[in-house]
Protein chains: 2
Amino acid sequence: MSGTHTEVPSLVSAPLPHPVPADEYGACPVTDVLRRIGDKWTVLVVVLLGRRRHRFNELHRSVDGISQRMLTRTLRTLEQDGLVEREVHPTVPPSVEYGLTPLGRSLLPPLSGLADWAVAHHGEITAARGRATGEDGQMARSRPAQ
Amino acid sequence: MSGTHTEVPSLVSAPLPHPVPADEYGACPVTDVLRRIGDKWTVLVVVLLGRRRHRFNELHRSVDGISQRMLTRTLRTLEQDGLVEREVHPTVPPSVEYGLTPLGRSLLPPLSGLADWAVAHHGEITAARGRATGEDGQMARSRPAQ
DNA sequence: CCGCATCCAAGGTGATACTG
DNA sequence: CAGTATCACCTTGGATGCGG
């Protein structure tokens with residue numbers, strides 16, 4: 001790949017609203033969203049809910065490793081952001097179902113694009129990471145491990 | 001969305017390696033990558049470097065709001081992950097140029113996809129967020145703000 | 001079954017000052 | 001110019017126990 005411009009995506013060539021405000025999170029939608037879905041469990045939950053609606057404990061079992069606290073917090077945040085919908089069945093004992101809203105479903109395609117990249121290049125990243133840290137006692141460039 | 005299956009993206013319909021390991025970060029490439037670029041400055045730096053090579057203080061001025069410490073850490077991490085390349089010119093005073101590696105450039109398209117989504121729907125998220133928290137003193141569903 | 005409250009550890013982030 | 005060091009704060013995340 002040398003001269004093939006490859007059709008630069010929008011954000012790469014133009015978007016940045018202003019040179020870079022970055023004063024508050026709300027100033028940069030991209031950073032704001034990235035930080036939301038960049039936590040430990042959000043993506044996993046969104047993907048699971050993207051497949052079908054789930055009940056609380058069903059998610060709890062599916063993710064396995066997440067604590068109730070984190071599952072609750074994750075769902076709360078997603079609900080507050082309008083990505084997830086909560087449906088309470090007034091039964092006894094109570095049952096609650098979670099599902100994606102249209103907005104939440106619209107996140108799936110772009111998220112999938114990034115996920116595909118992650119799966120495709122995770123090996124390279126891991127390799128580079130291993131090359132950079134210790135390995136054979138030789139740092140990549142005479143820099144004393146951070 | 002009603003009956004139009006809309007061509008479910010890979011991750012949505014199949015991928016998840018196992019039901020969900022999630023034991024360690026390395027177990028899920030998607031989570032691992034998301035957490036890397038989900039920090040406060042990484043995306044901004046990657047996008048800037050995607051436009052052209054930058055010198056350290058040039059980035060420092062462009063982002064404006066980032067501290068030297070965070071800029072250094074962000075660049076270190078990106079370098080360790082093989083996304084950014086560092087070039088030192090042995091001049092005096094010293095000058096260092098940063099640029100994206102091929103791997104780093106390959107991140108741009110999928111990242112742009114998510115960025116476009118963020119820009120397009122950030123308003124809806126903000127609106128939903130405002131609807132959920134206080135606003136008129138009435139919680140969305142009798143739940144005392146977390 | 002669903003969820004909240006509390007306590008606590010770990011890491012990200014910022015401010016400031018100092019160095020080759 | 002391009003960092004490094006230190007300190008302090010805040011958020012994230014985990015463990016456990018209680019409540020509707």
Side-chain angles (χ1 to χ4, degrees), chain A residues 22-25 28 31-32 34-45 53-80 84-99 139 141-146, chain B residues 22-25 28 31-32 34-45 53-80 84 86-99 139-146:
Chain A
D23 192 17
E24 260 327 295
Y25 293 124
C28 181
T31 300
D32 185 48
L34 257 296
R35 285 182 69 82
R36 285 283 172 163
I37 67 176
D39 66 8
K40 195 172 182 178
W41 310 105
T42 296
V43 171
L44 237 34
V45 171
R53 298 171 67 78
H54 283 69
R55 293 192 40 187
F56 186 87
N57 273 354
E58 200 175 4
L59 281 173
H60 196 193
R61 281 188 299 272
S62 292
V63 176
D64 184 66
I66 191 174
S67 59
Q68 283 187 335
R69 170 188 167 80
M70 281 301 115
L71 179 54
T72 300
R73 285 176 67 124
T74 300
L75 289 169
R76 279 289 163 279
T77 301
L78 286 171
E79 190 190 0
Q80 286 177 3
V84 160
E85 200 177 23
R86 193 176 114 126
E87 188 182 356
V88 182
H89 298 287
T91 61
V92 40
S95 84
V96 183
E97 274 199 340
Y98 291 92
M139 294 308 157
R141 233 192 9 277
S142 67
R143 187 190 290 132
Q146 187 190 351
Chain B
D23 192 16
E24 260 327 293
Y25 293 126
C28 180
T31 299
D32 184 47
L34 256 297
R35 285 181 68 82
R36 284 283 173 164
I37 68 175
D39 66 7
K40 196 171 181 178
W41 308 106
T42 296
V43 171
L44 236 33
V45 170
R53 299 171 67 77
H54 284 68
R55 292 188 44 183
F56 186 86
N57 273 352
E58 199 175 3
L59 281 173
H60 196 192
R61 281 188 300 273
S62 292
V63 176
D64 184 67
I66 191 174
S67 59
Q68 284 188 334
R69 170 188 167 81
M70 286 324 306
L71 179 53
T72 300
R73 284 178 67 114
T74 300
L75 288 168
R76 282 287 166 281
T77 301
L78 286 171
E79 190 191 359
Q80 286 177 2
V84 160
R86 194 176 114 126
E87 188 181 356
V88 182
H89 299 287
T91 61
V92 41
S95 84
V96 182
E97 274 199 341
Y98 290 92
M139 294 307 156
R141 237 194 2 280
S142 67
R143 187 189 292 131
Q146 188 189 351

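None of the values given here were measured: they were computed from a predicted structure. Residue numbers begin at 1 in each chain, while the letters A, B, ... track the order of the sequences. Atoms considered below: every heavy atom in the structure, side chains included; atoms not considered: hydrogens, waters and symmetry mates.
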Subject >> Residues that Glu87(A) engages under side-chain hydrogen bond (donor to acceptor under 3.5 Å, both in side chains), provided they are two or more places apart >> reply: Arg53(A)
Where [X] and [Y] come nearest, the two heavy atoms and their spacing:
X        : Y        : value
Thr91(B) : Pro93(B) : OG1-O, 2.9 Å
Val84(B) : Tyr98(B) : CG1-CD2, 3.8 Å
Leu78(A) : Val45(A) : CD1-CG1, 4.0 Å
Ile37(A) : Thr42(A) : CA-CG2, 3.9 Å
Arg35(A) : Asp39(B) : NH1-C, 3.4 Å
His60(A) : Ile66(A) : NE2-O, 3.2 Å

In whole angstrom, what separates [X]'s [atom1] from [N]'s [atom2]?
X        : N       : atom1 : atom2 : answer
His60(B) : dG14(C) : NE2   : P     : 11 Å
Arg73(B) : dT13(C) : CZ    : P     : 8 Å
Glu79(A) : dC2(C)  : CD    : C1'   : 13 Å
Arg36(A) : dT11(D) : CZ    : P     : 12 Å
Asn57(B) : dT4(D)  : CG    : P     : 13 Å
Met70(A) : dT16(D) : CE    : P     : 15 Å
Leu71(B) : dA2(D)  : CG    : C1'   : 10 Å
His54(B) : dC1(D)  : NE2   : C1'   : 16 Å

OP1, OP2 of [N] versus side-chain N and O of [X]: anything below 4.0 Å?
X        : N       : value
Lys40(A) : dG14(D) : yes
Arg55(A) : dC2(C)  : yes
Arg86(A) : dC2(C)  : no
Tyr98(A) : dC1(C)  : no
Arg76(B) : dT4(D)  : yes

Original post:
After noting the C-alpha distance and the side-chain angles of Leu44(A) and Thr74(A), does the key distance pass the side chain to side chain contact (heavy atoms under 4.5 Å, CB included) rule?
Top reply: CA-CA 10 Å; Leu44(A) 237 34; Thr74(A) 300; over 6 Å; no
Original post:
In degrees rounded to 10°, what angle is found between the helical axes fit to the five outermost pairs at each end of the helix from dC1(C)-dG20(D) to dG20(C)-dC1(D)?
Top reply: 40°
Measure all distances between protein nitrogen or oxygen atoms and nitrogen or oxygen atoms of nucleotides 6-10 of chain C, and list the pairs falling under 3.5 Å.
| from | atom 1 | to | atom 2 | distance (Å) |
| --- | --- | --- | --- | --- |
| dT6(C) | O4 | Arg69(A) | NH1 | 3.0 |

**OP:** Return the nearest nucleotide to the side chain of Asp39(B); candidates are dA2(D), dG13(D), dT13(C).
**Re:** dT13(C)
Original post:
5'-most contact on DNA chain D: Gly38(A) or Glu58(B), nearest heavy atom basis?
Top reply: Glu58(B)
Subject >> Of Thr74(A) and Pro94(A), the one whose closest DNA chain D nucleotide lies more 5' >> reply: Thr74(A)
**OP:** Just do the side chain to side chain contact (heavy atoms under 4.5 Å, CB included) check on Thr72(B) and Arg69(B) with the steps written out, would you?
**Re:** CA-CA 5 Å; Thr72(B) 300; Arg69(B) 170 188 167 81; 6.0 Å; no
**OP:** With sequence neighbours excluded, tell me which residues meet salt bridge (Lys or Arg N to Asp or Glu O under 4.0 Å) with Arg55(A).
**Re:** none
